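Order of listing sets the numbers, starting from 1, for every ligand and every atom in it. Predicted model, so just to flag it, every value in this text is computed and none were measured. Computed from heavy atoms alone, side chains included, the values below leave out hydrogens, waters and symmetry copies.
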Amino acid sequence: MSLLTAKSAQVAPIQLIIDTDPGADDVVALLLAMASPDELNILAITTVAGNVRLGKTSRNACLAREWGGREDIPVYAGASRPLLRAPVYAADIHGEEGVPGVAVYEPRLGLAAGGAVQYLIDMLGNAESRSITVAMLGPQTNLALALIQAPEIARGIKDVVVMGGTHFNGGNITPVAEFNVFADPEAAEVVLSSGVKLTYLPLDVTHKVLTSEARLQQLAAVGNAASARVVDILDAYVTADMARYGLPGGPVHDASMIAYLLKPELFSGRQIHMQVDSREGPTYGQTIADWHDALGQPANVMWINSADAQGFFDLLSTRLGRLA
Ligand code: BDR
Ligand code: CA
């Protein structure tokens, strides 16, 4: 292959904003993303209240950035509560500090000046048309607020990739709802109705990408500080889900979504019509995925429902090996 052909064959990195509520699996996702600079140019990390309160999710995002050796990435704090509903947290799964299994402390570097919502408005508003991907690892409050205040910023968005929702799997916070959507269904509806290109990685797929003793050993065998930290976090994190759902291993939801950006060929799904239920009652926060096109409505999301689980753990271990 000539140098010219080799160069043109290189794919430009995804221009990426990661919106997150760390969160055990969020930290693993951030480390995986930071270990992959050839594919992902992380413009900023924006934080939101979710698994724990905003102060802790923001601190944990700064810690993850420090652990990934990427203090050049700005972290902006965003919404401290959902659009309309009362806040709901998940300390029972992620621990009181939001990251179980490891010591948390005051990060060396703090937050960037200005808020996440204004950052999204400025960055997406001034971006070239359809140039930026937004990875949503928590409740979608920040992007919803930005779209409400400045709907024209949708033009700057190439893709919105959401870890959230569930249909065939059942819920993890109510019988039918997944945590990130349940924690702010109205925000999910705003993003859904904005017309941006959307991909959902629901529990339908993340509950198929499970840890096992062998996979945790595979990660530990990487033998650096990053992999040791991930194993400590996962050891503490997966037990709650395994016990609650009778699973043989635990899902690493948000990291699966970063893996989708890095290697979409590990995943499959299809374009479908999806609705978020925000009516009060037992179905609040449910995502209704019209997999068999019963409603005959236009497709509005790419719904991912299967993955190569071992491929995910191979990718995670290889990439963690690139960190210190
Ligand atoms: C999602 O909810 C959070 O608890 C996890 O971080 C993940 O983003 C899974 O339902
Ligand atoms: Ca999360």
Side-chain angles (χ1 to χ4, degrees), residues 17-33 45-54 56-61 63-64 75 78-79 82 87-101 116 134-143 160-185 187-188 191 199-211 230 233-234 236-242 244-245 247 249-261 276 285-287 304 307 312:
I17 298 170
I18 303 180
D19 192 77
T20 179
D21 62 336
D25 56 326
D26 302 73
V27 170
V28 181
L30 289 168
L31 290 173
L32 176 59
I45 297 168
T46 54
T47 62
V48 65
N51 287 316
V52 285
R53 288 174 188 276
L54 182 68
K56 289 185 178 179
T57 61
S58 300
R59 177 206 57 200
N60 295 345
L63 276 177
V75 178
V88 54
Y89 304 106
D92 54 331
I93 303 283
H94 296 262
E96 284 305 317
E97 296 302 325
V99 193
V134 187
M136 312 286 301
L137 308 181
Q140 297 172 46
T141 322
N142 288 335
L143 185 56
V160 175
V161 186
V162 171
M163 190 284 121
T166 184
H167 184 83
F168 295 104
N169 182 84
N172 63 355
I173 180 84
T174 75
V176 295
E178 179 280 330
F179 177 80
N180 286 340
V181 175
F182 180 79
D184 200 341
V191 175
T199 299
Y200 263 69
L201 265 96
L203 300 184
D204 297 355
V205 62
T206 63
H207 274 221
K208 293 174 182 160
V209 184
L210 302 176
T211 60
V230 165
I233 292 171
L234 291 180
Y237 169 63
V238 296
T239 48
D241 273 353
M242 286 169 69
R244 186 173 295 183
Y245 306 111
L247 293 169
V252 199
H253 311 279
D254 296 339
S256 299
M257 193 260 250
I258 298 297
Y260 172 76
L261 293 176
V276 176
Q286 181 176 15
T287 42
I304 304 296
F312 164 78

- Could you check Leu143 against Val160 for side chain to side chain contact (heavy atoms under 4.5 Å, CB included), going step by step and ending with a plain yes or no? CA-CA 10 Å; Leu143 185 56; Val160 175; 3.9 Å; yes

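- For Phe312, there are no ring pair (Phe, Tyr, Trp, His ring centres under 6.0 Å) partners two or more places apart in sequence or in a different chain.
- For a threshold of 3.5 Å applied to N or O pairs, the pair formed by Asn51 and ligand 1 contains at least one separation below that value.
- On a distance-only criterion, Leu137 and ligand 1 share at least one N/O pair closer than 3.5 Å.
- Here the straight-line distance linking atom OG1 of Thr239 with atom CD1 of Ile93 works out to 8.5 Å at 0.5 Å rounding.
- Excluding waters, the protein N/O/S atoms found under 3.0 Å from the Ca ion (ligand 2) are Asp21 OD1, Asp26 OD1, Asp26 OD2, Leu137 O, Asp254 OD2.
- Near Phe179, meaning under 4.0 Å from any of its heavy atoms, are these atoms of ligand 1: 2 (O), 3 (C), 4 (O), 10 (O).
- In terms of polar-atom proximity, defined here as any N/O pair under 3.5 Å, Glu178 does make such a contact with ligand 1.
- Asp21 is linked by a side-chain hydrogen bond (donor to acceptor under 3.5 Å, both in side chains) to Asn51, counting only residues two or more places apart in sequence or in another chain.
- Panel note: side chain Thr211, backbone Gly250; a donor-acceptor pair is recorded below 3.5 Å.
- For a threshold of 3.5 Å applied to N or O pairs, the pair formed by Asp25 and ligand 1 contains at least one separation below that value.
- With Tyr237 contributing its side chain and Gly101 its backbone, the two residues share no donor-acceptor pair below 3.5 Å.
- Atoms of ligand 1 lying under 4.0 Å from at least one heavy atom of Met163, given by number and element, are 1 (C), 7 (C), 8 (O), 9 (C).
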Which pairs would a plain distance check flag for residues 173-183, meaning a side-chain donor or acceptor within less than 3.5 Å of a matching protein atom at least two apart in sequence or in another chain?
{"unit_1": "Thr174", "atom_1": "OG1", "unit_2": "Val176", "atom_2": "N", "d": "3.2"}
{"unit_1": "Thr174", "atom_1": "OG1", "unit_2": "Ala177", "atom_2": "N", "d": "2.9"}
{"unit_1": "Glu178", "atom_1": "OE1", "unit_2": "Gly165", "atom_2": "N", "d": "3.0"}
{"unit_1": "Glu178", "atom_1": "OE1", "unit_2": "Asn180", "atom_2": "N", "d": "2.9"}
{"unit_1": "Glu178", "atom_1": "OE1", "unit_2": "Val181", "atom_2": "N", "d": "3.0"}
{"unit_1": "Glu178", "atom_1": "OE2", "unit_2": "Asn180", "atom_2": "N", "d": "2.9"}
{"unit_1": "Asn180", "atom_1": "ND2", "unit_2": "Leu137", "atom_2": "O", "d": "3.4"}
{"unit_1": "Asn180", "atom_1": "ND2", "unit_2": "Met163", "atom_2": "O", "d": "2.8"}

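- Contact annotation for Asn172 and ligand 1: only side-chain heavy atoms (C-beta onward) come within less than 4.0 Å of the ligand.
- If you check which protein heavy atom lies closest to atom 8 (O) of ligand 1, you get Asp254 OD1, 2.7 Å.
- Asp25 contributes a side-chain N or O that, together with a main-chain N or O of Asp254, makes up a donor-acceptor pair within less than 3.5 Å.
- Distance alone, capped at 3.5 Å, is enough to place a donor-acceptor pair between the Thr287 side chain and the Thr166 backbone.
- Without hydrogens or angle criteria, Asp204 side chain to His167 main chain gives a donor-acceptor distance under 3.5 Å.
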